[in-house]
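Okay, so here's the structure we're looking at.
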Number of protein chains: 2
Amino acid sequence: MHYFIAVAEELHFGRAAQRLGIAQPPLSRAISQLERRLGAALLQRTSRSVTLTEAGTVLLHEGRVALDAVEAAEHRTRRAALAAAGEPSIVLATKAGASSQILAKLLHAYAAEPGSVRVDVMLCGPGEQVRLLRSGRADVAILHQPFDDTAGFDTEELLTEGQIAVLPAGHTLTTSEDLRLDDLTDVPDLPAPRWPGPDGTYAAGPGPEAQSHTQLLQLVALGRTLMTVLDSCRPQLGDDVVAVPIVDAPAVTTVIAWPPHSRIRAVADLVRTAVSL
Amino acid sequence: MHYFIAVAEELHFGRAAQRLGIAQPPLSRAISQLERRLGAALLQRTSRSVTLTEAGTVLLHEGRVALDAVEAAEHRTRRAALAAAGEPSIVLATKAGASSQILAKLLHAYAAEPGSVRVDVMLCGPGEQVRLLRSGRADVAILHQPFDDTAGFDTEELLTEGQIAVLPAGHTLTTSEDLRLDDLTDVPDLPAPRWPGPDGTYAAGPGPEAQSHTQLLQLVALGRTLMTVLDSCRPQLGDDVVAVPIVDAPAVTTVIAWPPHSRIRAVADLVRTAVSL
DNA sequence: TTCATCGATACTTCTACGGTATCGCTCAAG
DNA sequence: CTTGAGCGATACCGTAGAAGTATCGATGAA
């Protein structure tokens, strides 16, 4: 399964084998064996290129879900053992820099609840929370629709708000009362920043490389780029940047999400606290 | 994983090994190996009895989910390959004997839709639909809340209704206008029927053994037992039985459910047809 | 036409999983 | 108190299957 996902992602047996830390022949054999077991062609090999078949696309998707479920079983078991032995705790995953005051309020209110446990907050890059939740490394997460894929989780809505553009003070765009998405794409002197991918590398492009939101904010203040954030982030902005509403940006809903099978009481308590805020 | 689930269910290494078709020693080793890998005790062995630890309970639950996910990946891939090759179709799982006219309406309406595909209907025993859906053998199911566990599925509500008791014509209970649940438990001459478990055996008890709803209905007509069914099943009952509403039975909601990651267009079409009925 | 690239195949090595035999512990019956 | 049956753990052995090395065959670019 691991093997197939690696090949399906790389679309190249050699690179996939390298990534897996094995030689190429066993990988070829494993894949054709998998195909024989399933009775279905997963890849079309033309000795010059590898492409996914219909069935292969399905298996790539379902296989990821399955592997995440296996990994989640491991992690949750380990954490249950630790919780039974020592002090119980839960892990909350949230995107760094977003919904921070709703989170602060939530943590404060939950800590005051009777029977509350320690909450470890994991600050993640964009979209990473979903991965953590699926793989059992986190117990509950703060997600943002429609950016994050909430399929397969139970969720409760917490807040719906608009988005604002953060621009360098004095930039020509700041003269407008409000902006549209079109106004923000391909601004010559404010190219979109580039985030590191899951592998730690950056895509090519004109924008500056960013590792964190504070860093990015500084780059905006320096007039090197622009960023869009949620309405509720406005109080965190300094005087060296200007916030302008984006009228046609989709509304973002902040939700609290957890795995549907979660039997952890602390998660239920936390969610109850969140919805009653 | 298979091994651990077998032991956790049997709570007996010998029987679990027999069920798995292997000898007992490799099973013992596999489990202790798993425990070492996870760094957590899963079972408490007292050489006289085996019990689950906290962590073991979690792993039993999460492990089932994970195994189902793996099996689902297999099944869905096979079906995707078949669909790509020949005529596409979807599998709908439903409990035998319940919500049959809503199902008939749905199938009829869906068949009239443009682009509809063949729908294979699987009639299941109680609770079996959930298993089929989780393991990928079915693409969509008709479930009944609160009986079926819809956790982890996307659902749409179709109908909410009460339950009625089906009694032999002329029985003393049929003189009432309505009944309560208490009236129906431990009726001496109408003991509750016994259904076969997943292993095909029957629990001990006074009631008659039943294999199907029609068979059960016949047993009611013969004055041997009673049964409770949904309001909407009333038109299917003959003159030899009497239906009496149960006023304090929980309302049952019929829902259509599908896996949250389903990318199958036909499932989406079927759901859309169902909610528009 | 040649050569580089890439996946498949042939053959060998070794790990790891399963089977048999047996031990040690516990509880119940005599 | 003794003995034996039940049950899980351990020791040891054999084999199946997975990974590595070497090489082939096909394809497309120079």
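Letters A, B, ... are given to chains in the order of the sequence lines, protein chains preceding strands, and every chain is numbered from 1. Note: hydrogens, waters and symmetry copies are ignored here, and every other heavy atom, side chains too, is used.
As rounded to whole Å, 13 Å separates atom C1' of C:dG7 from atom CZ of A:R15. In this structure, CZ of A:F4 is placed 14 Å from P of C:dG7, rounded to the nearest angstrom. At whole-Å resolution of the value, CZ in A:R45 and C1' in C:dC6 are 12 Å apart. Across the protein-nucleic acid pair, B:F13 atom CZ and C:dC25 atom P stand 18 Å apart, rounded to whole Å. If you measure from atom CD of B:E10 to atom C1' of D:dC7, you get 15 Å, rounded to the nearest angstrom. The distance between atom CG of B:L20 and atom C1' of C:dC17, rounded to the nearest whole Å, is 14 Å.
Using cut-offs of 30° and 60° for the angle between ring planes, the B:H213 and B:W195 rings count as tilted.
Within residues 51-64 of chain A, no residue has a heavy atom under 4.0 Å from DNA chain C. A heavy atom closer than 4.0 Å to some atom of DNA chain C occurs in A:Q24, A:P25, A:S28, these being the qualifying members of residues 22-44 of chain A.
Considering all non-hydrogen atoms of both residues, A:L143 and A:A257 come closest at CD1-CB, 3.7 Å. Among all heavy-atom pairs drawn from B:Q129 and B:I142, the shortest one is NE2-O, 2.9 Å.
Screening residues 257-268 of chain B for salt bridge (Lys or Arg N to Asp or Glu O under 4.0 Å) gives no qualifying pairs among residues at least two apart or on separate chains.
Looking only at distances, no side-chain donor or acceptor of B:Y110 sits under 3.5 Å from a matching main-chain atom of B:V119. In this structure, A:H12 contributes its side chain and A:R15 its backbone to a donor-acceptor pair below 3.5 Å.
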List, one per line, each side-chain donor-acceptor pair under 3.5 Å for residues 19-30 of chain A, sequence neighbours excluded.
unit_1 : atom_1 : unit_2 : atom_2 : d
A:R19  : NH1    : A:E9   : OE1    : 3.3
A:R19  : NH1    : A:E10  : OE2    : 3.0
A:R19  : NH2    : A:E9   : OE1    : 2.8
A:Q24  : NE2    : A:S28  : OG     : 2.9

Side-chain atoms of residues 77-86 of chain A: list all donor-acceptor pairs with protein atoms under 3.5 Å, sequence neighbours left out, distances to 0.1 Å.
unit_1 : atom_1 : unit_2 : atom_2 : d
A:T77  : OG1    : A:A73  : O      : 2.6
A:R78  : NE     : B:L38  : O      : 3.3
A:R78  : NH2    : B:R37  : O      : 3.3
A:R79  : NH1    : A:D139 : OD1    : 3.3
A:R79  : NH1    : A:D139 : OD2    : 2.5
A:R79  : NH2    : A:S89  : O      : 3.3
A:R79  : NH2    : A:S89  : OG     : 3.4

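Rounded to the nearest 0.5 angstrom, B:M1 CE and B:L34 CG are separated by 6.5 Å. Rounded to the nearest 0.5 Å, atoms OG1 (A:T150) and CD1 (A:I256) are 13.5 Å apart. The structure places OG1 of B:T185 at 12.0 Å from CG of B:L190, a figure rounded to the nearest 0.5 Å.
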Could you list, one pair per line, each protein nitrogen or oxygen that sits under 3.5 Å from a nitrogen or oxygen of nucleotides 27-30 of chain D, together with the distance?
unit_1 : atom_1 : unit_2 : atom_2 : d
D:dT27 : O4'    : A:S47  : OG     : 3.2

